[in-house]
K.L.:
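Quick one: structure below, then a few questions.
Bear in mind that the values here come from a model prediction, so they are computed numbers and not experimental data. These values consider heavy atoms only, across backbone and side chains, with no hydrogens, waters or symmetry-generated copies.
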Amino acid sequence: MKRWRDIKSKPTVANQPTQCQLLHQPHATGKDSEQQLQRSLNDNLDIICQQVGHNTDLYMRPFGFCKHNAMLLYMDCLADKAVINQFVLEPLMRAEASDIGADVMNGDQLARSLKNTWIPLSEIEDTNDIKHLVTCLLTGSSILLIDGSATAIVLGTKAKLMRSIEDPPSEPLVRGPRLGFIESLRANTTILRDRINDPNFTVSGFELGERNRKKVALFYIKDIAEPDLVEEVKRRIDTIQADDIPETGYIEQWIEDNYLSPFPQLQNTERPDRVIAALLEGRVAIMVDGSPFALIAPVTFNMMLQTPEDYYDRWLPGSLTRMLRYLAAFVALFGPAIYIAFISFHQGLIPTKLAISMSGTREGVPFPPLVESLMMEISIEVLREAGLRLPVPVGSVVLVGGLVVGTAAVEAHLVSPIMIIVVALTAISSFTIPQYVLSISIRMLRFLVMFCAATLGLYGVIMFFIVLTAHVVKLKSFGVPYVSPAATFRTNDWEDFIVRFPIFKMVMRPKMLKSKNRDRQPPSPGDKSDKG
């Protein structure tokens, strides 16, 4: 399997399909797609049944109208029967031959007349491609076949099966809209359209999956996003070759810049407000039908430590909580390693009273600090994973289990009480990271830096920090440095970095994105900043 950088780029289609065309996009021409419909109704039914198989949920409704035999095919579990009965069967079965003009038309002319005049559906097309018909049938559309016509009519009768829109559980907020994406791409597009009334808001459609075709949408604002960025994202998406795309995580792994890096190079989110804010900065978003998660590109490291609530609150508390997250991320990564380095190599750097207290608590512990730390860290990770997989009513047992295991380990003199404090502080700090994928990356790197500390002490920790810094400075996300704006010092980009400036002070979009329109809002009035 080849990734995007190993495949010759495909030409990008200049005119992408509109949202109403996403339901029935024609497939690429190939050997299978050359198979065409015949004029015999029975022959066409045999061909389609061979392609689909004799499934119990495939319904074939024969009926006659205007002295013509016809057959309506649909999947019982996917099609909306009420729409079929009201807008397809009822008008056709009550039609008169003189009204339609069926007595002077051949089969193909009759099919076109029905499509243009007699079937009141907004999503309707005619085709003679067997492969396209089968794909439409398996995605919820209905197929109307007429005896004597080599053209079939594809009817958009897909049932709307979706859950209610609710607050996303993966990104809870105290203050902010209680709105999250769902598994329907059409509903998610509607959510964004309803909240972005800019005519430059653009949706480009794709179909991915060699066997199971899935609709994928690329969102951007045409007069803000850099054209080269949009074209590069389209090019990478065009190179995806997979049987199925069940979730945006598949797309992320295909199009990211460096698959060997532990850091995520695209941001995933369930929140429409986060996506809208990213689009207004000049970024792009990717969504796939069947997944409530959107991908945002390009991203930087500081984006992973931000939440929409930073902007809904006033700038002082928003900046404070953001700085706390940076501190918590540092503790989550280096906390156990610093403890191991001081205990194993640099006891002289510990204050005397604290050193005596710590040595007393470690009395009777048979394991070195590294083994002690590994035991507790692995236990915490196992409990964390168990908490994610257990049902919600049982999930609270994990917290009790952690307390019981920690207390029992101290009483059995397997670990020291100070180790329990360090591990607990590390675990709590990792919970403050808003992005779960970044939390996983930090937890992986934590074990590596622990081994460096156990080998070389603080020198190992410092060397690890230097190597990690060199990696993230070199890392890019769609051409944007991952540690921007720290790596490329730009004054206005620091307005939304560690400290979040007041909203009326952030008048320019980030320079690192090279947006076509860099003016976010007019400059603040002079008397605005003078108010006490």
K.L.:
Tell me whether Glu495 is salt-bridged to Lys505, with the criterion being a basic N under 4.0 Å from an acidic carboxylate O.
P.N.:
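Not counted as a salt bridge, because no side-chain N and carboxylate O are separated by less than 4.0 Å.
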K.L.:
Write out all pairs satisfying side chain to side chain donor-acceptor pair (under 3.5 Å) with one or both partners inside residues 447-464, taking only residues at least two apart or from two chains.
P.N.:
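For residues 447-464: none.
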K.L.:
In chain order, what residues pass the salt bridge (charged side-chain N to carboxylate O under 4.0 Å, His left out) check against Arg274, with sequence neighbours excluded?
P.N.:
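Salt bridge (charged side-chain N to carboxylate O under 4.0 Å, His left out) list for Arg274, sorted by chain: Glu171.
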K.L.:
How far apart are the closest heavy atoms of Leu370 and Ala454, and which atoms are they?
P.N.:
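Of all heavy-atom pairs spanning Leu370 and Ala454, the closest is CD2-CB, 3.6 Å.
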K.L.:
Using a 6.0 Å distance limit plus a 45 degree cone around the ring axis, check whether Arg322 lies over the aromatic ring of Tyr311.
P.N.:
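Satisfied, under 6.0 Å and within 45°.
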K.L.:
Surrounding CE of Met323 (heavy atoms of other residues, nucleotides or ligands, distance under 6.0 Å), is the total greater than 12?
P.N.:
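Yes, the 6.0 Å shell around CE holds more than 12 heavy atoms from other groups.
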K.L.:
Could you tell me whether the side chain of Thr189 and the main chain of Leu185 form a donor-acceptor pair under 3.5 Å?
P.N.:
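Checked: pair present.
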K.L.:
Is the CG atom of Asn197 crowded by more than 12 outside heavy atoms at less than 6.0 Å?
P.N.:
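No, CG of Asn197 has 12 or fewer neighbouring heavy atoms, counting only those of other groups under 6.0 Å.
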K.L.:
Between Arg271 and Asp167, does any side-chain N to carboxylate O distance fall below 4.0 Å?
P.N.:
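Salt bridge: yes.
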K.L.:
Do the side chains of Leu349 and Phe342 get nearer than 4.5 Å, heavy atoms only?
P.N.:
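They are in contact (side-chain heavy atoms under 4.5 Å apart), so the answer is yes.
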K.L.:
Hey, could you give me the OG/CD1 distance between Ser430 and Ile442, rounded to the nearest 0.5 Å?
P.N.:
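It is 8.5 Å, given to the nearest 0.5 Å.
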K.L.:
Using every non-hydrogen atom in the two residues, find where Val461 and Ala453 come nearest and quote the distance to one decimal.
P.N.:
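That would be CG2-CB, 3.7 Å.
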K.L.:
Any side-chain heavy-atom pair from Phe345 and Leu458 closer than 4.5 angstrom?
P.N.:
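The answer is no; the side chains never approach within 4.5 Å.
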K.L.:
Start with the C-alpha distance between Trp254 and Arg236, add both sets of side-chain angles, then the distance that settles side chain to side chain contact (heavy atoms under 4.5 Å, CB included), and finish with yes or no.
P.N.:
CA-CA 8 Å; Trp254 269 94; Arg236 297 191 190 185; over 6 Å; no
K.L.:
Quick check for you: to the nearest 0.5 Å, what is the distance between Asn212 atom CG and Thr135 atom OG1?
P.N.:
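These two atoms lie 9.5 Å from each other.
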K.L.:
Excluding sequence neighbours, so at least two apart, what forms side-chain hydrogen bond (donor to acceptor under 3.5 Å, both in side chains) with Gln435?
P.N.:
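side-chain hydrogen bond (donor to acceptor under 3.5 Å, both in side chains) list for Gln435, sorted by chain: empty.
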K.L.:
Quick test of your reading of the model: are Glu281 and Arg509 salt-bridged, counting only N-O distances below 4.0 Å?
P.N.:
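No, no charged N to carboxylate O under 4.0 Å.
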K.L.:
Could you measure the distance from the CG atom of Leu266 to the CD atom of Gln253? Nearest 0.5 Å is fine.
P.N.:
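If we round to the nearest 0.5 Å, Leu266:CG and Gln253:CD are 11.0 Å apart.
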K.L.:
Here's a test for you: under side-chain contact (heavy atoms from CB on, under 4.5 Å), which of Val480, Val472, Leu513 qualifies with Thr300?
P.N.:
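The side-chain contact (heavy atoms from CB on, under 4.5 Å) with Thr300 is passed solely by Val480 among Val480, Val472, Leu513.
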K.L.:
Among residues at least two apart in sequence or on other chains, which ones pass salt bridge (charged side-chain N to carboxylate O under 4.0 Å, His left out) with Arg325?
P.N.:
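Arg325 satisfies salt bridge (charged side-chain N to carboxylate O under 4.0 Å, His left out) with Asp310 only.
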K.L.:
More than 12 heavy atoms of other residues, nucleotides or ligands under 6.0 Å from CZ of Phe451: is that the case?
P.N.:
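No, CZ of Phe451 has 12 or fewer neighbouring heavy atoms, counting only those of other groups under 6.0 Å.
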K.L.:
So, does Gln265 use its side chain to make a donor-acceptor pair with the main chain of Asn258 at under 3.5 Å?
P.N.:
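It does hold such a pair.
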K.L.:
Which residues pass the side-chain hydrogen bond (donor to acceptor under 3.5 Å, both in side chains) test with Ser261, not counting sequence neighbours?
P.N.:
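Ser261 satisfies side-chain hydrogen bond (donor to acceptor under 3.5 Å, both in side chains) with His471 only.
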K.L.:
Please give me the minimum heavy-atom distance between Glu372 and Leu414, naming the atom from each residue.
P.N.:
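Smallest interatomic distance, heavy atoms only, reads CG-O, 4.4 Å.
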K.L.:
Please list all pairs passing the side chain to side chain donor-acceptor pair (under 3.5 Å) test where one or both residues lie in residues 218-228, with sequence neighbours left out.
P.N.:
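Matches after skipping sequence neighbours: Asn200-Asp223.
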K.L.:
In chain order, what residues pass the salt bridge (charged side-chain N to carboxylate O under 4.0 Å, His left out) check against Glu247, with sequence neighbours excluded?
P.N.:
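By the salt bridge (charged side-chain N to carboxylate O under 4.0 Å, His left out) rule, Glu247 matches no residue at all.
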K.L.:
Verify side chain to side chain contact (heavy atoms under 4.5 Å, CB included) between Thr202 and Ile221, making sure each step is shown before the conclusion.
P.N.:
CA-CA 6 Å; Thr202 306; Ile221 299 180; over 6 Å; no
K.L.:
How would you list, by chain and number, every residue that makes a side chain to side chain contact (heavy atoms under 4.5 Å, CB included) with Leu468, sequence neighbours excluded?
P.N.:
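Partners of Leu468 by the side chain to side chain contact (heavy atoms under 4.5 Å, CB included) criterion, ordered by chain and then number, come out as Phe263, Leu333, Leu445, Phe464.
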K.L.:
Using side chain to side chain contact (heavy atoms under 4.5 Å, CB included) as the criterion, list what pairs up with Thr469, not counting sequence neighbours.
P.N.:
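Once residues adjacent in sequence are excluded, the partners of Thr469 under the side chain to side chain contact (heavy atoms under 4.5 Å, CB included) criterion are Phe465, Val473.
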K.L.:
I'd like to check the side-chain hydrogen bond (donor to acceptor under 3.5 Å, both in side chains) partners of Ser170; sequence neighbours left out, ordered by chain and number.
P.N.:
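Counting only residues at least two positions away or on another chain, Ser170 forms a side-chain hydrogen bond (donor to acceptor under 3.5 Å, both in side chains) with Glu270.
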K.L.:
Quick check for you: to the nearest 0.5 Å, what is the distance between Ser357 atom OG and Arg362 atom CZ?
P.N.:
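Ser357 atom OG to Arg362 atom CZ measures 12.5 Å (nearest 0.5 Å).
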K.L.:
With side chain to side chain contact (heavy atoms under 4.5 Å, CB included) as the test, would you mind laying out the steps for Tyr339 and Met450 before giving the verdict?
P.N.:
CA-CA 9 Å; Tyr339 168 79; Met450 285 166 57; over 6 Å; no
K.L.:
Sub-3.5 Å donor-acceptor pair from the side chain of Arg384 to the main-chain atoms of Ile380, do we have one?
P.N.:
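No.
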K.L.:
Please examine the side chains of Thr248 and Ile286, heavy atoms only from C-beta on, and report whether any two atoms are closer than 4.5 Å.
P.N.:
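The answer is no; the side chains never approach within 4.5 Å.
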K.L.:
Taking the six-membered ring for Trp, are Phe497 and Trp494 parallel (under 30°), tilted (30 to 60°) or perpendicular (over 60°)?
P.N.:
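Perpendicular.
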K.L.:
If you count heavy atoms of other groups shown closer than 6.0 angstrom to CZ of Arg178, is the number above 12?
P.N.:
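Yes, CZ of Arg178 has more than 12 neighbouring heavy atoms, counting only those of other groups under 6.0 Å.
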K.L.:
What's the shortest heavy-atom distance between Ser429 and Val331, and which atoms?
P.N.:
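So the minimum-distance heavy-atom pair works out to OG-CG1, 3.5 Å.
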K.L.:
What's the spacing between Asp313 CG and Arg175 CZ if we round to 0.5 Å?
P.N.:
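Rounded to the nearest 0.5 Å, the CG-CZ separation comes to 5.5 Å.
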K.L.:
Salt bridge or not for Arg211 and Asp244, using N-O below 4.0 Å?
P.N.:
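Result for this pair is no, no salt bridge flagged.
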K.L.:
I'd like to check the salt bridge (charged side-chain N to carboxylate O under 4.0 Å, His left out) partners of Lys476; sequence neighbours left out, ordered by chain and number.
P.N.:
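Here no residue qualifies.
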K.L.:
Quick test of your reading of the model: are Glu231 and Arg235 salt-bridged, counting only N-O distances below 4.0 Å?
P.N.:
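Judged by the 4.0 Å cut-off on N to carboxylate O distance, Glu231 and Arg235 do not form a salt bridge.
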K.L.:
Can you give me the closest heavy-atom contact between Tyr482 and Val299, atom names plus distance?
P.N.:
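Scanning both residues completely, I find the closest heavy atoms to be CD1-O, 3.9 Å.
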K.L.:
Tyr312: what forms a side-chain hydrogen bond (donor to acceptor under 3.5 Å, both in side chains) with it, not counting sequence neighbours?
P.N.:
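For Tyr312 the side-chain hydrogen bond (donor to acceptor under 3.5 Å, both in side chains) partners, ignoring immediate neighbours, are Asp273.
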K.L.:
Which pair of non-hydrogen atoms, one from Arg283 and one from Pro298, has the smallest distance, and what is that distance?
P.N.:
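Scanning both residues, the minimum pair turns out to be NH1-O, 2.7 Å.
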K.L.:
Take Leu305 and Leu438, measure what side chain to side chain contact (heavy atoms under 4.5 Å, CB included) needs, and give me the verdict at the end.
P.N.:
CA-CA 9 Å; Leu305 296 174; Leu438 180 62; 3.9 Å; yes
